[in-house]
Protein chains: 2
Amino acid sequence: MAVTLKEVAERAGVSRSAVSRTFTDGASVSDKMRRKVEKAARDLGYSPNALASSLTTGRTKLIGLVSNNFHNPIFLEVFDLFTRGLQDRGLRPLLVNLTDETDPENSVRMLRQYSVDGVVVASSTLPPGFAKAFRDAGVPVVHSFGRSSSAPQVHVVGIDNVECGRMAAQALIARGYTHVAFMGGPEDATSTQDRFAGFKSEIIKHPDIQASHSFAEAYSFEAGRKEMLRLIDANPAQAYFCGDDVLSIGALSAIEDSNLRVPEDIGIIGLNDMEMARWENIDLTTIHQPIRQIVTSSIELMVAMLDEPDRYPEARIFPCSIVERGTLRPAP
Amino acid sequence: MAVTLKEVAERAGVSRSAVSRTFTDGASVSDKMRRKVEKAARDLGYSPNALASSLTTGRTKLIGLVSNNFHNPIFLEVFDLFTRGLQDRGLRPLLVNLTDETDPENSVRMLRQYSVDGVVVASSTLPPGFAKAFRDAGVPVVHSFGRSSSAPQVHVVGIDNVECGRMAAQALIARGYTHVAFMGGPEDATSTQDRFAGFKSEIIKHPDIQASHSFAEAYSFEAGRKEMLRLIDANPAQAYFCGDDVLSIGALSAIEDSNLRVPEDIGIIGLNDMEMARWENIDLTTIHQPIRQIVTSSIELMVAMLDEPDRYPEARIFPCSIVERGTLRPAP
DNA sequence: CTTCTTTTTGCAACCGGTTGCAAAATGTTG
DNA sequence: CAACATTTTGCAACCGGTTGCAAAAAGAAG
């Protein structure tokens, strides 16, 4: 069906090598030859088979893009940025949807079968061991939105979730709240654990502040709403640091439905600064996660690793900052 | 680096063909041989190179997933369903982000270079010619969420947007609104055109109904909000059929900010029934688009085409229905 | 134990490219 | 124009698999 190298060679009356060389840059071809081959190729509508060439060159330009966050709207933005960034560099994202699976084994095998040049694990909930499995298999890997660590075993690009937790606690305390709480995402997500740890570490410095915590079932609107309804029914705190924006928005909905006001009765601070947070009818005060920078940096790191697979692992941590909107009362 | 067929063959003391056959089902291998080979493969950690085998079999199990809707939250759900559905059938999605590009040429070339077995074009805004370009290149293609047609040239799976427009108009009229309007997405999107056409065709039957229309710049919150603010400033209709849910939510935000009430002052009906539409603080009356069925059916069709590439093109159109929530006043 | 049938196995060619090497062509210099 | 350096080209082997075909092995029948 498709036109092959051989056919082009025959039509141009040259050797197959000549055709191959016209299509690999840096190869030695005379101008005359190049013109002859290009004409033949154009006539036949030839374009080289990337997979066949990968056999000898050992490069497919395929990059596995592995994620389990197909329900958090912020990841649509992440996918947008990743796919565009990879495409711009001539790389092709092979998307892998992990759903509930947290065992890397299958993904590793599959992606090796397709000889991907590298893998980006884009998830804030997977354990560090997941990304490590790719490294152990000899595949360059970057864990985006992964758990930061002072001694990373694989390349990690993301934020310091512990610091974010601390920052949220400080913000609440600075605004004069005396009874605050952490409403996390799933307890087994590394990002939840870290944010909580940071939050606690700050609170503990202020013995006068009353603090509590609980966890929603998922990083989702429904889970946030449900959990907040439960909390309101019990003894709600004055302000909550919610595990992420989508959870926050669920919580806001619950508060509104309970005829309580934000921020007068209950304050909320989220994390991510997703597009929706700035929608006027949501107007969520939140901690901005620099997604664009994280993705760009992840891609740069991946590209660097393609040239230098044994690059010493590093953690690239981007600072976050609070975006003041309408769901926390102003500092006194 | 990676273990090859040959090494397994040597370790097991058998021919390369034998190894190949143990890994292709339906091939003739004795139990004894299979055990020997599997042992050697396990010892070495071998798994076959999918790309190499694709050279001879002519099948890569790669499916191009082409889209330009990376800003509409509903597409995260679409990607989730597609990736899972394809994976479950042993197919691998190669994601292509079209951004602003509407010329299929590059995508066609790239996806042919990677010898994809098929292409799914998932977009409600691309012209039918886009998908057709793949067919012309000899690649099986399904256009999901594409424009329906009585004489489709490629396989189309989606909804009847004209009928949806009609349905929306009927709903508004049935609720006693006498001044209604269509607030569309980008005017050049096929879905906008069709929805508008349907809307008009119904309105025209009711000479007593006053109707107007306008278009937002994009299918986005901001665009919807901006357009609605403009409309409120002029002479707003009593009720709007918005081009899609995200546009509707933008419009709702504008209405709320203008101290008007929904549905008392202005009614809104959207289209898609995205997850967010049922969030209690949005509670959008909308036309449900059966995404799950569309995706499932698209995948089934794609799988069928892999066996039968010249399958006669068909349009699979799924009915939509109105989901009653809080943004339209009840019928009198 | 033959003889015939069926299954299993290996050989070798092939899929669509790339690349080291040496021969051929071209360019440079005296 | 000869002698040498440089560039261009083709040959042939290879990348990691698959597969048609015929030989070898195993099983069934007599």
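We name chains A, B, ... by the order of the sequence lines, and we start the count at 1 in each one.
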With the criterion being N/O to N/O and under 3.5 Å, what pairs connect the protein with nucleotides 19-26 of chain C, and how long is each?
unit_1 : atom_1 : unit_2  : atom_2 : d
C/dT19 : O4     : A/Ser17 : OG     : 3.3

**Message:** Under a 3.5 Å cutoff, is there a donor and acceptor pairing between the side chains of B/Tyr219 and B/Ser191?
**Reply:** yes
**Item:** Set of residues satisfying salt bridge (charged side-chain N to carboxylate O under 4.0 Å, His left out) with respect to B/Arg11, sequence neighbours excluded
**Value:** B/Asp43
**Item:** Difference in axis direction between the ends of the helix from C/dC1-D/dG30 to C/dG30-D/dC1, five pairs, 10°
**Value:** 30°
**Request:** Would you mind listing every side-chain hydrogen bond (donor to acceptor under 3.5 Å, both in side chains) that reaches into residues 50-63 of chain A, with sequence neighbours excluded?
**Result:** A/Thr60-A/Asp117
**Item:** DNA chain D: 5'-proximal contact among B/Phe23 and A/Ser28 (nearest heavy atom)
**Value:** A/Ser28
**Complete:** Applying salt bridge (charged side-chain N to carboxylate O under 4.0 Å, His left out) to A/Glu38 and not counting sequence neighbours gives A/Arg34
**Request:** May I have the distance from B/Asp31 (atom CG) to D/dA26 (atom C1'), rounded to whole angstrom?
**Result:** 14 Å
**Asked** Residues two or more places apart in sequence or in another chain: which of them pass salt bridge (charged side-chain N to carboxylate O under 4.0 Å, His left out) with B/Lys132?
**Response** B/Asp136
**Item:** Separation of D/dA25 P from B/Met33 CE (nearest whole Å)
**Value:** 12 Å
**Item:** Separation of C/dT18 C1' from A/Arg59 CZ (nearest whole Å)
**Value:** 15 Å
**Prompt:** Within this structure, what is the NZ-to-P distance between A/Lys36 and D/dT9, rounded to whole angstrom?
**Reply:** 8 Å
**Message:** Base, sugar-phosphate or nothing for B/Val19? Non-hydrogen atoms, less than 4.0 Å.
**Reply:** nothing
**Item:** Set of side chain to side chain donor-acceptor pair (under 3.5 Å) partners for B/Thr125, sequence neighbours left out
**Value:** B/Asn68, B/Ser123
**Prompt:** Among pairs that include at least one residue of residues 15-25 of chain A, which meet side-chain hydrogen bond (donor to acceptor under 3.5 Å, both in side chains), considering only residues two or more places apart or in two chains?
**Reply:** none
**Item:** Value in whole Å for how far the C1' atom of D/dT7 lies from CZ of A/Arg34
**Value:** 14 Å
**Request:** Starting from P on D/dG10, measure out to CG on A/Leu5 and report it in whole angstrom.
**Result:** 12 Å
Ignoring hydrogens and angles, write down the donor-acceptor pairs under 3.5 Å from the side chains of residues 300-311 of chain B, residues two or more places apart or on other chains.
unit_1   : atom_1 : unit_2   : atom_2 : d
B/Arg311 : NH2    : B/Glu314 : OE2    : 3.0

**Asked** Of the non-hydrogen atoms in A/Val141 and A/Ala131, which two are nearest, and what is the gap between them?
**Response** CG1-O, 3.6 Å
**Item:** Nearest-angstrom distance from the residue atom CG of A/Leu55 to C1' of C/dG17
**Value:** 8 Å
**Complete:** In whole angstroms, the gap separating C1' of C/dC11 from NZ of B/Lys6 amounts to 16 Å
**Asked** What pairs meet the ring pair (Phe, Tyr, Trp, His ring centres under 6.0 Å) rule with one or both residues in residues 20-45 of chain B, with sequence neighbours excluded?
**Response** B/Phe23-B/Tyr46
**Item:** Those residues that, when tested against A/Glu105, pass salt bridge (charged side-chain N to carboxylate O under 4.0 Å, His left out) (two or more places apart)
**Value:** none
**Prompt:** Do the side-chain N or O atoms of A/Ser53 get closer than 4.0 angstrom to the phosphate oxygens (OP1, OP2) of C/dG17?
**Reply:** no
**Prompt:** Which of residues 45-52 of chain A sit near DNA chain D, with a heavy atom under 4.0 Å from it?
**Reply:** none
**Message:** Counting only side-chain nitrogens and oxygens, does A/Ser54 get under 4.0 Å of the OP1 or OP2 atom of C/dG17?
**Reply:** no
**Message:** Which nucleotide wins on minimum distance to the side chain of A/Ser15, given the candidates D/dG10, D/dT8, C/dT18?
**Reply:** D/dG10
**Message:** Evaluate A/Asp88 against A/Arg84 for salt bridge (charged side-chain N to carboxylate O under 4.0 Å, His left out), listing each step before the verdict.
**Reply:** CA-CA 6 Å; A/Asp88 289 350; A/Arg84 281 180 19 208; 5.9 Å; no
